[in-house]
Amino acid sequence: MNAEGLVEVVLPGKVEPEGLEIRHGAVPAAGPGQVLIRMEATGVSFAEQQMRRGRYYDQPAFPFVPGYDLVGTVLTTGEAVEPALAGTRVAALVKVGGWASHVLVDAADVVPVPDGIGAAQAETVVVNGITAWQMLHRKARVRAGQTILVHGANGGVGSVLVQLAQAADVKVIGTASARHHDALRERGVIPVDYRTEDVAARVRELAPAGVDAVFDHVGGRSAVDSWHLLAPGGTLVSYGSASTRDDEGSKQWPVLKLLGRVWLWNALPNRRRAYFFNVWAGRALAKNRFRAQLRADLTQVFGALQRGDVTAQIAAQLPLTRVADALRLAESGTVAGKVVLNP
């Protein structure tokens, strides 16, 4: 085994970012069907911001190692795994466990990163890229010439979604605070300021017949407004409840309320559809299909990155030991792109 030890970040309970603990240990060995990855890049996603508040709806019991996804090099392979995987750069979606120098992952869950894409670059589009791709192409099934509304168009998922949509010749209206508008205009997005403008009225001006799809991570009131902006045949894809991040009380309730609304809307005879998107949906029931789709979709996203259709937006890179600063920065709402952690 290699001489270096394991370094990992532990979330001990509901804590401020400074309450995260750095733990040292022995590097684990790959078991049957597993690979040991030396992490090169992991990131801060919205999930960890919810987890440290105890508000992610299916997080494990404290204490645990957070880290939704990672990119790294396969060090060793376990029994029944193709030995040629060793030495290759891969990406994996893990939900928890990514904030560590060495991570064990099922070999079936890793996706090769093409040559010419750096680890930090690839990291910016793992969870964000899969989420954006699947919502756009598997749920909303957008087509060239359509118009969509993307809430938080400068955010982690939003910025990738916007670029993938434009690569598909789709017109994009995006909400963001004013300081991001110039950057959005440069990307060909029509920006709307959700702080100072009446979003619904502005979108109706821009798309009088309604929009073909809305991508909403805010939840609550916003999801209701989004539903009413759809054209006949349109699709609402709701993928979070950011508006309830700091709420106390049940972490299930905002999601259940939203699911109830989605169910009701879909029952109405109005030719519109609503989805609550969860990247893990289908994994428990059909693991192989889930893995095949994830691999196909992430491969598409990496291809878009290679072609320049999508630009990797790295907000900052910090070492794993400065995870508190990284989390504060990601939560500040002042950065564009992904806060990346390196070993």
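Atom set for the values below is all heavy atoms of this structure, side chains included, hydrogens, waters and symmetry mates excluded.
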**Request:** Indicate the atoms forming the closest heavy-atom contact of L136 with A165, along with that distance.
**Result:** CD2-N, 3.5 Å
**Request:** Rounded to the nearest 0.5 Å, what's the gap from CZ on R204 to CG on D198? Could you check?
**Result:** 8.0 Å
**Message:** Quick check on the hydrophobic clustering: are L164 and L294 connected, directly or via other members, by side-chain heavy-atom contacts under 4.5 Å?
**Reply:** yes
**Request:** Answer yes or no: does atom CD of E18 have more than 12 heavy-atom neighbours from other residues, nucleotides or ligands under 6.0 Å?
**Result:** yes
**Asked** Which atom pair, heavy atoms only, marks the closest approach of L6 to H102?
**Response** CD1-O, 3.5 Å
**Message:** If you define the side chain from C-beta out and look only at heavy atoms, does anything of T299 sit under 4.5 Å from V111?
**Reply:** yes
**Asked** Got a second to check how far Q59's CD is from M51's CE, nearest 0.5 Å?
**Response** 6.0 Å
**Message:** Using the rule that Ile, Leu, Val, Met, Phe, Trp and Tyr join whenever any side-chain heavy atoms are under 4.5 Å apart, tell me whether V96 and V10 fall into a single cluster.
**Reply:** yes
**Message:** Assess whether a salt bridge exists between E16 and R53, defined as any Lys/Arg side-chain N lying under 4.0 Å from an Asp/Glu carboxylate O.
**Reply:** no
**Prompt:** Could E205 and R202 be called an ion pair, given the rule that one side-chain N must be under 4.0 Å from one carboxylate O?
**Reply:** yes
**Asked** Does any N or O in the side chain of Q121 come within less than 3.5 Å of the main-chain N or O of I117, such that one atom is a donor and the other an acceptor?
**Response** no
**Item:** Contact check, side chains of R261 and W227, non-hydrogen atoms, under 4.5 Å
**Value:** no
**Asked** What residues, two or more places apart in sequence or in another chain, satisfy side chain to side chain donor-acceptor pair (under 3.5 Å) together with K139?
**Response** none
**Item:** Shared hydrophobic cluster for L230 and V192 (ILVMFWY, side-chain gaps under 4.5 Å)
**Value:** yes
**Asked** How far apart are the closest heavy atoms of P66 and L11, and which atoms are they?
**Response** CG-CB, 3.8 Å
**Test side-chain contact (heavy atoms from CB on, under 4.5 Å) applied to V44 and W99, step by step** = CA-CA 9 Å; V44 181; W99 289 0; 4.1 Å; yes
**Donor-acceptor pair between R273 and T235 side chains, under 3.5 angstrom** = yes
**Prompt:** Any Lys/Arg nitrogen of E48 or K95 sitting under 4.0 Å from an Asp/Glu carboxylate oxygen of the other?
**Reply:** no
**Asked** Aromatic rings H137 and W133: how do their planes relate, parallel, tilted or perpendicular, breaks at 30° and 60°?
**Response** tilted
**Message:** Does atom CZ (R141) have a neighbourhood of more than 12 heavy atoms from anything else shown, all under 6.0 Å?
**Reply:** no
**Audit row: R221, D225, salt bridge (charged side-chain N to carboxylate O under 4.0 Å, His left out) steps and yes/no** = CA-CA 6 Å; R221 185 71 240 164; D225 292 341; 3.3 Å; yes
**Request:** I would like to know whether R52 and L327 meet side-chain contact (heavy atoms from CB on, under 4.5 Å); could you show each step before the answer?
**Result:** CA-CA 10 Å; R52 79 163 184 83; L327 199 47; 3.6 Å; yes
**Asked** Using 4.0 Å as the upper bound for N to carboxylate O, is an ion pair formed by R143 and D212?
**Response** no
**Prompt:** Should R322 and D325 be marked as a salt bridge (charged side-chain N to carboxylate O under 4.0 Å, His left out) after you check the CA-CA gap, both sets of side-chain angles, and the distance that decides it?
**Reply:** CA-CA 6 Å; R322 283 188 58 199; D325 295 333; 2.9 Å; yes
**Asked** Do the side chains of V150 and T175 get nearer than 4.5 Å, heavy atoms only?
**Response** no
**Connected via hydrophobic side-chain network under 4.5 Å: W263 and V224** = no
**Request:** Answer whether the closest heavy-atom distance between the side chains of I22 and H24 falls below 4.5 Å.
**Result:** yes
**Item:** Nearest non-hydrogen partners of V27 and G5, listed with the distance
**Value:** CG2-C, 3.7 Å
**Item:** Test item: side-chain donor near acceptor, T131 and N128, under 3.5 Å
**Value:** no
**D309/R307 ion pair, N-O < 4.0 Å** = yes
**Request:** Please answer: with hydrophobic residues joined when any side-chain heavy atoms are less than 4.5 Å apart, are I314 and V162 in the same cluster?
**Result:** no
**Sole residue of Q34, R295, R283, K287 in side-chain hydrogen bond (donor to acceptor under 3.5 Å, both in side chains) with D109** = R283
**Request:** Evaluate side-chain contact (heavy atoms from CB on, under 4.5 Å) for V211 paired with I148, printing each intermediate quantity in order.
**Result:** CA-CA 5 Å; V211 292; I148 65 171; 5.8 Å; no
**Asked** If every non-hydrogen atom of A274 is compared with every non-hydrogen atom of W265, which pair is closest and at what distance?
**Response** CB-CE3, 3.9 Å
**Message:** Whether the S238 and D216 side chains hold a donor-acceptor pair (N or O, under 3.5 Å, no angle test) is what I'd like checked.
**Reply:** no
**Message:** Within the structure provided, determine whether K171 and Q166 are in side-chain contact (heavy-atom separation under 4.5 Å).
**Reply:** no
**Item:** I37 side chain near V90 side chain, heavy-atom distance below 4.5 Å
**Value:** yes
**Request:** Give me the ring orientation class for Y56 and Y68: parallel if the planes are under 30° apart, tilted from 30 to 60°, perpendicular past 60°.
**Result:** perpendicular
**Request:** Take Q313 and T124, measure what side-chain contact (heavy atoms from CB on, under 4.5 Å) needs, and give me the verdict at the end.
**Result:** CA-CA 7 Å; Q313 266 196 301; T124 64; 5.8 Å; no
**Request:** For the residue pair S101 and M39, establish whether any side-chain heavy-atom pair is separated by less than 4.5 Å.
**Result:** no
**Request:** State, with a plain yes or no, whether a side-chain heavy atom of Y275 is found less than 4.5 Å away from one of M135.
**Result:** no
**Request:** Over all heavy atoms of both residues, which pair between R272 and G233 is shortest? Give the atoms and the distance, please.
**Result:** CG-N, 4.3 Å
